[in-house]
Undergrad: 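Next up is a structure, given as C-alpha cells.
It should be emphasised that the depicted structure is a prediction, and the values quoted were computed from it without experimental measurement.
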Amino acid sequence: VQVTERLVIKPTWQAYEPTGEEMVIELDPGMAFGTGTHPTTELCIRMIARYLKPGMRLLDIGSGSGILMIAAVKLGAFTVVGIDSDPVAVEVAESNLHLNRIDPDRFTVIAGNLVDGITEAYDLVVANILSETIRELVPDIAPRLAAGGIFIASGIISRKAAMVTEALEKYGFTVREIEEKDEWVAIVATSHS
C-alpha cells in the first residue's frame, strides 16, 4: 500500500522492490490493529509525514501494530514511544519495530492505559483510537505536548468529528487541519499551553 510518495507498507508475506526514494514498512500485524490499509492509519501517516520534523519525539497512544511508530522513525523522528492497553499489541509492535531494523535505543513500547504513567512531553502525539476515547483523553494531552507540539487524532468517523473538535477547543486546542477519507477523519491540533 502506497501511503505517501515515499512510504510503502508491505505485509511480510509479500514481495516488493522499492523504487527511487521509497521507504518500505515491513508489517506483520498479528492480532494487533494497524495493517496500513485502514483509512485512519493512512490519514495518520500522511499527517505525520506533513508535520514531523527530523529529531522530533513522538508518542503513539493506542500503538497497535506499531505502524505509526515505524513510519515516524523512517520519516526522521529521533525517538518514539508507544502505549497500548493490549499486551499482545505491545509484543506485536516490538516485533515489527525490530523487523524494520529500528534501533532499540530509539523506541519504547509500554503496556498501559492511554497516557497513564506518561510523564514526559512530546513534540508530536498521535492517537488513532475511538472518537469517544479521544474526547475523554483531550484534557490529558496538553500536558504531554512540548511547547509548539502537535496532536494528531484519528479513528474518528466523519459524523463524530464535531464532537472531537468541540472537546479540543474546550480544552484550549486550535484545530489546524482536518482531512477526510472514506467517511473517516484525522484532526491536527495545537495546544495553547
Undergrad: Considering only heavy atoms from C-beta outward, does the side chain of F173 approach that of I141 to under 4.5 Å?
TA: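 SC-SC contact between F173 and I141 confirmed.
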Undergrad: Side chains of N113 and S85: any donor to acceptor distance under 3.5 Å?
TA: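 No, N113 and S85 have no side-chain donor paired with an acceptor closer than 3.5 Å.
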Undergrad: Quick one: do R101 and E26 make a salt bridge, cutoff under 4.0 Å?
TA: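 No, R101 and E26 are not salt-bridged.
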Undergrad: For the hydrophobic clusters of this structure (ILVMFWY residues joined by side-chain heavy atoms under 4.5 Å, transitively), does one cluster hold both V175 and F151?
TA: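 Yes.
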Undergrad: Are the charged groups of E42 and R46 less than 4.0 angstrom apart, N to O?
TA: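 Salt bridge: yes.
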Undergrad: Testing the basics here: between L75 and A49, what is the closest heavy-atom pair and its distance to 0.1 Å?
TA: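 Taking L75 first and A49 second, the nearest heavy atoms are CD1-CA, 3.7 Å.
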Undergrad: Which distance, rounded to the nearest 0.5 Å, do you find between the OG1 of T40 and the CD1 of I129?
TA: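 Result: 11.0 Å between the selected atoms.
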Undergrad: When rounded to the nearest 0.5 angstrom, what distance separates CG in L58 from CG in L124?
TA: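 Answer for the CG-CG pair, L58 versus L124, is 5.0 Å.
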Undergrad: Is there a side chain to side chain contact (heavy atoms under 4.5 Å, CB included) between L7 and I45? Walk through the geometry before answering.
TA: CA-CA 9 Å; L7 279 178; I45 291 173; 3.7 Å; yes
Undergrad: Donor-acceptor pair, distance only, cut-off 3.5 Å: does the side chain of Q2 make one with the backbone of T4?
TA: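 Side chain of Q2 to backbone of T4: a pair is present.
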Undergrad: Can you tell me which residue among K53, R50, R176, M47 is in a side-chain contact (heavy atoms from CB on, under 4.5 Å) with I150?
TA: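 Only one option passes, and that is R176.
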Undergrad: What do the steps show when you test I61 against V126 for side chain to side chain contact (heavy atoms under 4.5 Å, CB included), and what is the final call?
TA: CA-CA 6 Å; I61 301 165; V126 63; over 6 Å; no
Undergrad: With a 3.5 Å distance limit and no angle check, can you tell me whether T165 reaches the backbone of A162 through a side-chain donor-acceptor pair?
TA: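 Looks like yes, one N/O pair under 3.5 Å.
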Undergrad: Quick check for you: to the nearest 0.5 Å, what is the distance between S65 atom OG and E94 atom CD?
TA: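 It comes to 13.0 Å.
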Undergrad: Are V125 and L130 grouped together when hydrophobic residues (ILVMFWY) are joined by side-chain heavy atoms under 4.5 angstrom apart?
TA: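 Result: no, two separate clusters.
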Undergrad: Distance to the ring centre below 6.0 angstrom and angle to the axis at most 45 degrees; does that hold for R57 and Y122?
TA: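 Yes, a cation-pi geometry.
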Undergrad: Measure the spacing between OH of Y51 and CG of D123 and express it to the nearest 0.5 Å.
TA: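 Going from the OH atom of Y51 to the CG atom of D123 covers 15.0 Å.
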Undergrad: Atom CZ of R6 and atom CE of M23: how far apart are they, to the nearest 0.5 Å?
TA: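 R6 CZ to M23 CE: 3.5 Å, rounded to 0.5 Å.
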Undergrad: State, to 0.1 Å, how close I152 and I48 come at their nearest heavy-atom pair, and which atoms those are.
TA: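 Residues I152 and I48, closest heavy atoms: CD1-N, 3.8 Å.
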Undergrad: Please name the pair of heavy atoms, one in I157 and one in E183, separated by the smallest distance, quoted to 0.1 Å.
TA: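 Smallest interatomic distance, heavy atoms only, reads CG1-O, 3.4 Å.
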Undergrad: Group every Ile, Leu, Val, Met, Phe, Trp and Tyr by side-chain heavy-atom contacts under 4.5 Å, then state whether M56 and F78 land in the same group.
TA: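 Different clusters.
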Undergrad: Given the rule that I, L, V, M, F, W and Y join up when any side-chain heavy atoms are under 4.5 Å apart, are L97 and I25 in one cluster?
TA: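 Yes, L97 connects to I25 through the hydrophobic network.
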Undergrad: Could you tell me which non-hydrogen atom of W13 sits nearest to which non-hydrogen atom of L27, and how far apart they are?
TA: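 Nearest heavy atoms, W13 then L27: CZ3-O, 4.3 Å.
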Undergrad: As a quick check of understanding, evaluate side chain to side chain contact (heavy atoms under 4.5 Å, CB included) for V109 and M69, giving each step before the final call.
TA: CA-CA 10 Å; V109 189; M69 297 168 66; 3.8 Å; yes
Undergrad: Keeping the roles fixed (side chain from R106, backbone from I102), state whether a donor-acceptor pair exists under 3.5 Å.
TA: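 Not at all, since once roles are kept as given, no pair shorter than 3.5 Å links the two residues.
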Undergrad: Going by the angle between their ring planes, with limits at 30° and 60°, are W184 and H38 parallel, tilted or perpendicular?
TA: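 Perpendicular.
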Undergrad: Is it true that the side chains of Y16 and E22 contain a donor and an acceptor less than 3.5 Å apart?
TA: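 On atom types as modelled, these side chains qualify, holding a pair under 3.5 Å.
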Undergrad: Under the 3.5 angstrom rule, does the side chain of N100 hit a backbone N or O of N96 as a donor-acceptor pair?
TA: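 Yes.
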Undergrad: Does I118 offer a backbone N or O that forms a donor-acceptor pair with the side chain of R144 under 3.5 Å?
TA: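 A pair under 3.5 Å: yes.
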Undergrad: So, the side chain of K10 versus the backbone of Q14: is there a donor-acceptor pair under 3.5 Å, distance only?
TA: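 Indeed, once roles are kept as given, a pair shorter than 3.5 Å links the two residues.
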Undergrad: Could you check D28 against V92 for side chain to side chain contact (heavy atoms under 4.5 Å, CB included), going step by step and ending with a plain yes or no?
TA: CA-CA 8 Å; D28 184 350; V92 168; over 6 Å; no
Undergrad: Check the hydrophobic clustering (I, L, V, M, F, W, Y; side-chain heavy atoms under 4.5 Å; chains of links allowed) and say if V115 and L168 are grouped together.
TA: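 Yes, because V115 and L168 connect within a single hydrophobic cluster, where side-chain heavy atoms sit under 4.5 Å apart.
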Undergrad: I need the minimum non-hydrogen distance between V164 and I187, along with the two atoms involved.
TA: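 Looks like CG1-CD1, 3.8 Å.
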Undergrad: Is any side-chain heavy atom of L99 less than 4.5 Å from a side-chain heavy atom of T12?
TA: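 When only atoms from C-beta onward are counted, T12 and L99 do touch, with a gap below 4.5 Å.
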Undergrad: Salt bridge check: are E132 and K160 linked by an N-O gap of less than 4.0 Å?
TA: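 Judged by the 4.0 Å cut-off on N to carboxylate O distance, E132 and K160 do form a salt bridge.
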Undergrad: Are side-chain heavy atoms of I83 and D60 found at a separation under 4.5 Å?
TA: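 A side-chain contact is absent here, since even the closest heavy-atom pair is not under 4.5 Å.
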Undergrad: Starting at OG1 of T79, measure out to CG of D103 and round the result to the nearest 0.5 Å.
TA: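 Reported value, rounded in 0.5 Å steps: 11.0 Å.
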Undergrad: Could you pull out the closest heavy-atom pair between G149 and T190, with the gap in Å?
TA: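 Closest heavy-atom pair between G149 and T190: O-CG2, 3.6 Å.
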Undergrad: Do side-chain atoms of D84 reach the backbone of S63 as a donor and acceptor pair under 3.5 angstrom?
TA: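 Pair found, side chain donor or acceptor close to backbone of S63.
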